[in-house]
Amino acid sequence: MRAHASGDTAGGWTAETRLRFLAQATELLAASLDYEETLERVAQLAVPALADWCVVDEVRDDGELARVAVVAADARKQELLERLQERYPPTWDSPQPAARAVRTRDAVLFAELTPDVIAANAVDDGHAALLRELEPRSAIAVPLVAHDEVIGAMSFAAAESGRRYGEDDVRLAEQLARRVALALDRARLYQSEQRARLEAEAAGERLRFLAETTAILGSSLDYETTLERLARLVVPALADCCVVDVLDERRQVRQVAVAHVDPERAELVRRLEERYPTSEADSRSLVGRALREATTVELPDLDVGVDEIAQDAEHAEGLRELALVSGMIVPLIARGQTLGAITLLTSTSLRRYGPDDLTLAEQLASRAAIAVDNARLYREAAERGRAARALATVADGVLLLDRDGVVRLWNPGAERITGLAAAEVLGRPARDAIPGWSEVEHALPVAHEGGPAPRPLAVPLDIGGRELWLSFAGVGFEDGTVFTFRDLTEERRLEEYRSEFVATASHELRTPLAAVYGAAVTLRRGDIRLTEEEREVLLAVIADESDRLARIVNDILWASRVDSSDTDVRIAPFDARQTARRVIESAQAHLPEGIEITLEAPELLPRVAADEPKLAQVLTNLVDNAVKYSPDGGRIAVRLEPGRGRLRLVVEDEGLGIPADEHERIFEKFYRLDPNLTRGVGGTGLGLYICRALVERMGGRISVRSEEGEGSAFTVELPLAADGNM
Ligand code: ADP
């Protein structure tokens with residue numbers, strides 16, 4: 001549809017003039033790809049030749065009209081038109097000719113614009129007033145159509161020139177519009193291509209940058225070094241200054257990296273951070289806000305003023321010195337956890353951050369957060385690994401109870417000490433899983449985390465039929481209590497034996513001492529006349545008891561000697577039969593009644609490799625014991641039995657015997673059988689301990705075969721001499 005006010009034409013251009021005009025316009029339009037400038041020039045070409053003013057509107061992406069060129073022959077009218085554009089911008093549905101042309105996709109001709117028509121087209125009185133002042137008499141608007149799409153409109157108006165437009169003018173305008181539309185389309189295409197190319201370039205640049213940062217972030221598991229490198233990469237590519245803050249385990253903010261194009265300023269940034277530390281809780285701190293709210297804090301216009309973000313005058317001064325322009329604080333978030341924040345700032349580059357920078361910074365931050373998270377996970381895993389290895393290898397038992405008293409950790413040391421497997425104990429309340437726990441639990445010393453270590457306490461626990469003395473020390477922490485314990489059963493037993501020993505040894509020493517003393521006193525008495533025989537008996541008592549005393553002292557000496565390992569053993573081949581014979585002979589010298597000792601050895605006896613005096617000492621001890629523990633008399637046999645590479649020396653008696661469950665313990669230091677089982681026979685509990693130590697040092701073994709009441713047989717096995725000579 002075409003709106004006509006009249007068919008009359010006032011222009012009166014010749015066909016030739018029109019063609020020239022069009023040629024000129026075509027040339028102009030082809031000259032530049034900056035279409036706004038081009039349109040301005042085309043409009044200028046039309047004024048005043050074709051119109052008193054010419055306006056070009058463009059249909060924007062949102063469908064609205066945007067005025068892109070306004071040219072008037074009269075400066076006053078140019079001004080009025082600009083005001084009109086400002087105050088009454090054409091809209092899609094406005095009655096203005098341009099809007100109509102766009103809507104109808106056809107030329108609009110107002111051949112004669114009467115004040116009535118103008119008033120009808122006005123939006124309001126102000127609009128009408130402006131239009132009246134412009135005094136248009138005649139107008140044409142033609143749509144700009146490219147690829148079947150309306151991309152704008154061109155309007156021509158005649159006023160002071162008195163021109164009236166007609167059909168010819170409309171055709172000319174249409175011809176011009178076709179050319180303008182084509183040029184406009186071409187320019188737009190070019191521009192969007194250009195924009196796309198720039199965007200692609202920028203995107204490529206960003207991708208390259210991100211790839212580079214990703215490479216850096218993946219390069220090390222030490223995240224602090226990594227973040228420092230990242231900060232250096234970001235400056236100057238994305239910022240003039242970059243600060244990376246992380247939250248540590250206690251959620252304290254720690255500045256781990258600062259980079260600045262100007263190293264002196266980097267120092268200033270560090271100083272400011274030291275002086276005005278950031279904290280998550282601090283409502284004044286912007287980094288604090290980014291951390292707390294886990295959102296990016298945008299600071300596009302830091303140059304406007306830093307006073308709002310400064311904490312005091314000195315802070316403001318420092319910030320001013322940094323001459324900040326724009327900034328962004330992006331939180332580092334991984335697995336829903338805020339780990340820190342990256343602050344990017346610009347100053348000397350005068351760069352102002354926009355949405356693209358923000359996207360890039362956020363992408364960067366998410367990669368950095370993953371790197372930090374990975375590094376921390378790795379560190380934790382490594383720490384856990386180390387801790388687990390330490391727990392597995394430590395000799396002490398380690399027991400972790402949660403707040404409900406359930407066993408959460410039971411290390412191999414604990415398994416070894418108690419004999420309770422982790423599988424039996426873990427996940428169960430300690431009072432059910434550890435026998436006797438409920439009785440000792442309350443007595444155990446527990447220190448508080450970070451407090452002084454408690455003095456361990458030894459408590460008895462009956463586990464698996466054994467009484468274990470375990471010394472416990474605990475530390476309480478938020479989630480429970482961790483106890484370490486060590487096995488003091490052995491020490492405890494020794495301690496018990498030792499105190500028993502002091503009792504027996506003093507008793508053992510006192511008996512012979514009393515006898516010696518008694519005999520000596522009797523001998524010295526002047527009032528009693530002793531016969532020669534009686535004197536002999538008393539002297540014999542003194543000699544025997546002194547010998548017994550000497551042997552006790554000797555035992556004590558030897559026990560401490562084998563303990564301190566300063567017993568040197570001299571191994572040499574010798575004939576054990578000789579040794580045994582001598583031991584038996586000296587025993588026979590003061591053999592109690594009813595006891596008989598025999599030596600049994602094959603004709604051909606290989607030599608042993610041992611220390612002769614020490615073997616003699618061992619045999620003496622065994623024979624003495626055999627005599628001592630045969631209070632009712634009996635036969636004692638000393639047998640030498642050669643075997644494969646070894647010689648067995650057996651001392652067998654028919655005495656009291658030893659219960660089977662005591663066979664091991666009689667070799668322990670200070671250990672003695674219950675006096676009820678030995679009919680009060682005295683001793684120190686050191687003899688067999690010394691024997692075993694000496695035999696083992698000679699590379700041999702000592703063992704016992706015995707039954708209570710059935711006599712005992714002690715066997716010493718020694719290696720044969722290499723020469724095997726008999
Ligand atoms: P003691 O000085 O008490 O004899 P030993 O170490 O020689 O110390 O012996 C340890 C314990 O072994 C003795 O107390 C005794 O109960 C037992 N014992 C040793 N030899 C014999 C044996 N031949 N017959 C019975 N019991 C023995």
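Indexing begins at 1, ligand by ligand and atom by atom, following the structure's order.
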What are the atoms of ligand 1, with element, lying closer than 4.0 Å to any heavy atom of [X]?
X    : answer
L686 : 6 (O), 8 (O)
S712 : 22 (C), 24 (N), 25 (C)
F714 : 20 (N), 21 (C), 22 (C), 23 (N)
L673 : 14 (O), 16 (O)
G683 : 1 (P), 2 (O), 3 (O)

Electrostatic pair [X]-[Y], nearest N-O below 4.0 angstrom:
X    : Y    : answer
R639 : E652 : yes
D479 : R408 : no
E545 : R548 : yes
R607 : D575 : no
R254 : D245 : no
R582 : E612 : yes

query = Parallel under 30°, tilted from 30 to 60°, perpendicular over 60°: which one fits the rings of F714 and F667?
reply = perpendicular

Could a heavy atom of [X] be found less than 4.0 Å from some atom of ligand 1?
X    : answer
G685 : yes
Y671 : yes
E662 : no
L656 : no

[atom] [closest protein heavy-atom partner, distance rounded to 0.1 Å]:
atom                    : answer
atom 3 (O) of ligand 1  : R672 NE, 2.6 Å
atom 21 (C) of ligand 1 : Y629 CD1, 3.4 Å
atom 19 (C) of ligand 1 : N625 ND2, 3.5 Å
atom 26 (N) of ligand 1 : I658 CG1, 3.3 Å
atom 2 (O) of ligand 1  : T684 N, 2.8 Å
atom 23 (N) of ligand 1 : D653 OD2, 2.9 Å
atom 5 (P) of ligand 1  : L688 N, 3.6 Å

query = Taking the minimum heavy-atom distance to atom 17 (C) of ligand 1, which of I636, V651, L622, I666 ranks first?
reply = I666

Answer with yes or no whether the side chains of [Y] and [X] bring together a donor and an acceptor at under 3.5 Å.
X    : Y    : result
T531 : E534 : yes
E654 : S630 : no
W437 : E439 : no

